[in-house]
There are 2 protein chains.
Amino acid sequence: MVDILHRIGVLASVDDVYKSLDTIDGLAAWWTEDTHATDGVIKFRFGAAGGFDMKVLDSIPGELVRWEVVDGPAEWIGTHVRFDLTQEDDYAIVMFRHEGWQEQVPFMYHCSTKWATFLMSLKKLVETGTGDPAPNDVQVSNWH
Amino acid sequence: MVDILHRIGVLASVDDVYKSLDTIDGLAAWWTEDTHATDGVIKFRFGAAGGFDMKVLDSIPGELVRWEVVDGPAEWIGTHVRFDLTQEDDYAIVMFRHEGWQEQVPFMYHCSTKWATFLMSLKKLVETGTGDPAPNDVQVSNWH
């Protein structure tokens with residue numbers, strides 16, 4: 001099993017960051033505008049590229065959000081995505097893990113870079129009020 | 001052992017990307033302006049934060065650049081950094097690995113995100129002529 005790891009610091013409180021991880025409006029403002037919840041599952045869609053369905057495993061205000069991928073690309077199904085939050089002075093620190101990949105496939109390399117740019121979108125959203133969610137996300141390659 | 005992985009696509013030829021990985025001027029234009037070579041070792045410096053010394057293990061035009069970290073933070077020493085290049089239509093694809101970390105320490109999370117932003121700086125440099133090297137690099141957190 002292999003994992004994607006990232007760390008960002010947001011000039012805000014952990015409660016403000018948590019709101020962007022625990023509400024549909026918050027998630028839609030930094031990851032993808034096409035975000036909806038049905039039957040306890042959050043559906044993130046990226047146009048023709050498809051998307052991911054997440055079951056919320058943990059949601060602890062100001063501390064932790066953890067999802068299980070229940071549908072999407074084969075490489076993602078069964079993996080977990082987690083955001084651990086801690087306050088360090090003026091910064092809300094987000095320790096991000098997308099854990100449980102089976103292999104270091106090229107798609108994992110791609111997703112690692114995309115997660116970094118989406119986390120920077122989360123930081124920008126909370127700090128300035130405007131993120132860069134899909135379909136207007138940062139393009140990193142020919143895979144978008 | 002655990003690894004940081006990233007994938008970017010640069011709208012350019014692999015030869016153009018290679019020049020930014022194999023020359024001091026190229027490296028200084030996307031990673032850190034304070035880059036120098038002495039006795040076969042490339043020294044990358046980031047002001048008060050210190051830096052990294054890299055021994056070049058492989059340098060194959062248009063294909064591969066691979067370094068061994070010979071000095072720097074304890075967590076980096078002995079790890080390898082590699083850039084594998086391939087052409088896919090109009091894109092030079094960079095498969096990046098910083099491999100051989102002993103543990104998933106918080107510094108590894110940080111470096112993963114920083115590598116992503118520096119690789120986006122490399123992409124921007126080759127596509128537009130201007131990157132975002134230190135000391136004017138993208139700040140991702142309180143650790144810079």
Side-chain angles (χ1 to χ4, degrees), chain A residues 1-12 14 17 75 82-124 126-128 132 137-144, chain B residues 1-12 14 17 75 82-124 126-128 132 137-144:
Chain A
M1 297 288 207
V2 282
D3 311 316
I4 293 169
L5 312 177
H6 288 295
R7 179 187 187 276
I8 59 164
V10 182
L11 266 173
V14 286
V17 174
E75 299 92 335
R82 67 182 291 163
F83 306 81
D84 284 270
L85 309 178
T86 50
Q87 194 76 41
E88 291 186 13
D89 299 323
D90 294 340
Y91 284 86
I93 303 299
V94 182
M95 297 290 278
F96 171 88
R97 299 175 62 89
H98 182 180
E99 56 195 0
W101 288 71
Q102 295 289 328
E103 290 181 275
Q104 291 180 341
V105 289
F107 187 46
M108 183 179 173
Y109 289 68
H110 169 73
C111 292
S112 176
T113 313
K114 285 297 287 193
W115 272 126
T117 62
F118 281 120
L119 290 165
M120 292 303 285
S121 167
L122 167 63
K123 174 176 164 69
K124 187 176 160 212
V126 178
E127 291 181 352
T128 72
D132 300 309
D137 50 323
V138 175
Q139 186 175 349
V140 305
S141 75
N142 55 338
W143 291 354
H144 199 91
Chain B
M1 297 286 208
V2 281
D3 310 317
I4 294 168
L5 312 176
H6 288 295
R7 179 186 187 276
I8 59 164
V10 182
L11 266 172
V14 286
V17 173
E75 299 92 335
R82 67 182 290 161
F83 307 80
D84 284 271
L85 309 178
T86 50
Q87 194 76 42
E88 291 186 12
D89 299 323
D90 293 340
Y91 285 86
I93 303 300
V94 183
M95 297 291 278
F96 171 87
R97 299 174 62 90
H98 183 181
E99 56 195 1
W101 288 72
Q102 294 290 327
E103 290 181 276
Q104 291 180 340
V105 290
F107 188 44
M108 184 179 173
Y109 289 67
H110 169 74
C111 292
S112 176
T113 313
K114 285 297 287 193
W115 274 125
T117 61
F118 281 120
L119 289 164
M120 292 303 285
S121 167
L122 167 63
K123 174 176 164 70
K124 187 177 161 211
V126 178
E127 291 180 352
T128 73
D132 299 309
D137 49 324
V138 175
Q139 185 174 349
V140 305
S141 75
N142 56 339
W143 290 355
H144 198 90

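Values below: all heavy atoms of this structure, side chains included; hydrogens, waters and symmetry mates excluded. Every chain is numbered from 1 and lettered A, B, ... according to where its sequence line falls, protein lines coming before strand lines.
- Taking OG of S141(B) as the reference point, atom CG of L119(A) lies at 12.0 Å (rounded to 0.5 Å).
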Verdict with supporting geometry, I93(A) and N142(B), side-chain contact (heavy atoms from CB on, under 4.5 Å): CA-CA 9 Å; I93(A) 303 299; N142(B) 56 339; 3.4 Å; yes
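- For V10(B), no part lies near chain A; criterion is any non-hydrogen pair under 4.5 Å.
- Atom CD1 of I4(A) is separated from atom CG of D3(B) by 12.5 Å, given to the nearest 0.5 angstrom.
- Listed options K123(A), Q139(A), R7(A) were ranked by heavy-atom pairs under 4.5 angstrom with chain B; first place goes to R7(A).
- Residue S112(B) comes nearest to L5(A) through the heavy atom pair OG-O, 2.7 Å, listed as atom of the first residue, atom of the second, then distance.
- Interatomic distance, H110(B) NE2 to I8(A) CD1, rounded to the nearest 0.5 Å: 12.5 Å.
- Contact check for V2(A) versus V2(B): no side-chain heavy atoms found under the 4.5 Å cut-off.
- Identified under the salt bridge (Lys or Arg N to Asp or Glu O under 4.0 Å) test for residues 108-120 of chain B, with sequence neighbours left out: K114(B)-D137(B).
- In this structure, H6(B) NE2 and W115(A) CH2 are separated by 14.0 Å, a value rounded to the nearest 0.5 Å.
- When the side chain to side chain donor-acceptor pair (under 3.5 Å) test is applied to E75(B), no partner is found at least two apart in sequence or on another chain.
- For residues 96-105 of chain A, the interface with chain B (any heavy-atom pair closer than 4.5 Å) comprises F96(A), R97(A), Q104(A), sorted by residue number.
- Remark: D84(B) engages L64(B), R82(B), M95(B) in a side chain to side chain contact (heavy atoms under 4.5 Å, CB included) (not counting sequence neighbours).
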